[in-house]
Chemist: 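Can you read through this structure? Questions will come right after.
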There are 4 protein chains.
Amino acid sequence: MTQLARAGSANRSEDDVHEGRRHDLAVAALHTWSEYGYSQVSVRNVARRTRFSHGMVHYYFQSKDALVAECVRIIRDSQIFSAGEGKVGDITSYSQLVADTICESFRKNRRLHRIRFDLRNQSQFEPALRVYADEIEEAYTAAKDAVRERYESLGWTFDPPFELLAAQVDALRERAVRAELLGEDLEDVVRTMHDDLLQVLPKNP
Amino acid sequence: MTQLARAGSANRSEDDVHEGRRHDLAVAALHTWSEYGYSQVSVRNVARRTRFSHGMVHYYFQSKDALVAECVRIIRDSQIFSAGEGKVGDITSYSQLVADTICESFRKNRRLHRIRFDLRNQSQFEPALRVYADEIEEAYTAAKDAVRERYESLGWTFDPPFELLAAQVDALRERAVRAELLGEDLEDVVRTMHDDLLQVLPKNP
Amino acid sequence: MTQLARAGSANRSEDDVHEGRRHDLAVAALHTWSEYGYSQVSVRNVARRTRFSHGMVHYYFQSKDALVAECVRIIRDSQIFSAGEGKVGDITSYSQLVADTICESFRKNRRLHRIRFDLRNQSQFEPALRVYADEIEEAYTAAKDAVRERYESLGWTFDPPFELLAAQVDALRERAVRAELLGEDLEDVVRTMHDDLLQVLPKNP
Amino acid sequence: MTQLARAGSANRSEDDVHEGRRHDLAVAALHTWSEYGYSQVSVRNVARRTRFSHGMVHYYFQSKDALVAECVRIIRDSQIFSAGEGKVGDITSYSQLVADTICESFRKNRRLHRIRFDLRNQSQFEPALRVYADEIEEAYTAAKDAVRERYESLGWTFDPPFELLAAQVDALRERAVRAELLGEDLEDVVRTMHDDLLQVLPKNP
DNA sequence: CATGAATGAGTTTTCATTCAT
DNA sequence: TATGAATGAAAACTCATTCAT
């Protein structure tokens, strides 16, 4: 093993540490975001959640914007849209599966969804945020397509079109997010969403 | 006409002027809000839109909160939810009417809807805004109830329940708001929303 | 009676009204001053206490300074230092009388004294206030001289000099003012001051 | 010496620098206070005295209140009440010593006394300031007690009570503060106070 | 006489950012 | 790497003052 290789390996491990720190800071930012909203995601507020100084945050992220970008990357990569994975034979039971998995994923990722909705809203007014909102939307589209194809492979044809159904499902998510933030019990929220999904998703004719 | 009466009338007209200015300032705030989002609705930003100083805005509104409250009052009183007024005989043509009027109202009030969605979002994180969001929600509920009753009087029973339909309709509005803000042509946006509404609203069996 | 005379008389009565208003406003200012301190004597705070607008205050007083000047004039003319009026034969009973009258005057005018102490303090830092503080001090000196002469006519010679005694008496007033403002019962405050005065004022040898 | 120890020592010295700056800023505030009064002790005015921006002052002091608190701490800890330290055998010469030390301390700390009197005055109207005024008053009480005990150990009994004497002494200080601020020569002021003290303090029978 | 519209400078505070160490 | 000193712009709000009516 050469000096160089050792140096390389050292750098590699330093890089890992670096990446780890970055990730930790972004996670702290996500917490702040989901609890207090985008407007409170300030470098200082985030740093306050960590054992680091606000100067540190600027060391790892060139700007507040870069911090937000990292948050978005985490959301995008975290499979918050996973739905309908698993094998079932008919449409009604597939819808059941979809409802179950959407609810399960919601339960786990509701804070990220809350951020997603907040970001989507803010991105209307801050053009700089649009690329981030779009990134997430793309991930969402991929997940939706998988479900649509599955439904179609089971012989279902969407009328009204699938897009409208997907929009409705997402509206249910948004509503659930709001309900929980306003203090409603999580289990009640999820149960309601599950019921609503079953009424809205395709059923065998 | 007596002195007193004249004085009274003078005060009345002065009050009107005062109320007019207040209203104008609130409208300026609404413009700022709809273009740049709630976070940019600062007293100075609003004043900058007018020919007045920021001290002026504080002269008319005791606080930023009072300014926001006036904005909300304007939205609440501006009939942005009006839909389905007019007489028609059957369900399909009533849905047509509803779609038409929703679209027409949207065309006129889309900036206010944009604010409404922003407010609803922010109110999740700023408890002080909740009363405002609720005020508007109440006005919305009243409008929705009128439509539901009309449908029911025409013999329609909602299954899935009306609430889900209403949520879907509002989601279509939100989507249209976003689409326009992202640069899509207003006419296209409205046409799409109209098509979607027709697919989603009740039809004669 | 000529037009002119009537006009003159009308002006006279208008002047009286004018003076009356000025006085009322200054009294309102004195209330604000004694309750909230000099820093809160703003044109608006004073106007708020009256049925007039803050513009009015500026109509009657060219500036905030002129308002303060009028306040001072009122204090100066209001005999807050009256003490020792009345006939008694020996020194001990004169001291008794002085203590009684000082306490009585304090009870009536304690708010004005509070203002006087506040003014004396502020005048150290705002040179513009010094003339006002001096005006009051002069009135005080006159009252003190009367008492001193009376003591001397009864055969008392001051050693330590009268000035030190007077300073001590005023310190007792200041202390009483503070005690009352901090919530102590007025009667207790006055009783304590009376006791202290008796211990401090001259007694027959 | 280990890394850790060095690091500790580095931190210690950094802390010292930080505390030093804080102290310097508070001293600047004390200067502003003694020259222009409490009402002018604004963050900006204080910053203006230094080479720093007003943002800096907020960096070191979370709020204006914290700045005031630090000022008070400095006053409290600066022994402005020290009097009568030293050994003497009889009452007259102890009074001499007390007068000397009070005057010496006054010469050094007259600006702090000025602030103390201003604070005591303001605290009547701003309840938030009372804790600060009380803090200083406590330090004063301790100093007074020491003197009283010393007099008593020399066989002196106070009648009128010691409290009245102490009030008179403090009134002399206040008067001296005012006299100097109004332009009188410091030496004259101190000489007068010294004379007055000797006339007022206990003497051998 | 009297009002209140309007201004501009002032207050405290927060924050993104830069930079020396 | 990491800190925290330092800045300057912006926020909400207050107030003395001027002035048209």
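Reminder, nothing fancy here: chain letters follow the sequence lines and each chain counts from 1.
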Chemist: Just checking, is any N or O donor in the side chain of Tyr132(B) or Asp65(B) under 3.5 Å from an acceptor N or O on the other one?
Modeler: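 On atom types as modelled, these side chains qualify, holding a pair under 3.5 Å.
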
Chemist: Reading DNA chain E 5' to 3', how would its secondary structure be written in dot-bracket notation, given Watson-Crick and G-U pairs with both distances under 3.5 Å, brackets [ ] for crossing pairs and | for partners on other strands?
Modeler: .||||||||||||||||||||

Chemist: Does dG4(F) have its OP1 or OP2 closer than 4.0 Å to a side-chain nitrogen or oxygen of Tyr59(A)?
Modeler: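 For dG4(F), OP1/OP2 do not have a side-chain N/O of Tyr59(A) under 4.0 Å.
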
Chemist: Indicate the ring-plane relationship of Tyr60(B) and His18(B), choosing parallel, tilted or perpendicular according to the 30° and 60° boundaries.
Modeler: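 Ring orientation of Tyr60(B) relative to His18(B): tilted.
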
Chemist: Taking CD from Glu19(A) and C1' from dT1(F), how many angstroms apart are they, rounded to a whole number?
Modeler: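 So the CD-C1' distance, Glu19(A) to dT1(F), works out to 15 Å.
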
Chemist: Counting primed atoms plus P, OP1 and OP2 as sugar-phosphate and everything else as base, spell out the protein contacts along nucleotides 13-21 of chain E at 4.0 Å heavy-atom distance: B, S or - for each nucleotide, 5' to 3'.
Modeler: BBSBBB---

Chemist: Whole Å only: how far is the CG atom of Leu67(B) from the P atom of dA11(F)?
Modeler: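 The answer, rounded to whole Å, is 13 Å.
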
Chemist: Map Ser53(A) and Arg51(D) onto DNA chain F by nearest heavy atom, then report which one ends up closer to the 5' terminus.
Modeler: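 Nearest-nucleotide comparison on DNA chain F picks Ser53(A).
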
Chemist: Using only side-chain N and O atoms of Arg21(B), determine if any of them is under 4.0 Å from OP1 or OP2 of dG4(E).
Modeler: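 So the side-chain polar atoms of Arg21(B) never come under 4.0 Å of the phosphate oxygens OP1 or OP2 of dG4(E).
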
Chemist: Going by an N to O cut-off under 4.0 Å, is there a salt bridge joining Arg49(A) and Glu35(A)?
Modeler: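 Glu35(A) and Arg49(A): salt-bridged.
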
Chemist: Would you mind reading off the distance between Glu126(D) atom CD and dT12(E) atom C1', rounded to a whole angstrom?
Modeler: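 Answer to the nearest Å: 13 Å.
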
Chemist: Could you give the OH-to-P distance, from Tyr36(D) to dT11(E), as a whole number of Å?
Modeler: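 The answer, rounded to whole Å, is 14 Å.
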
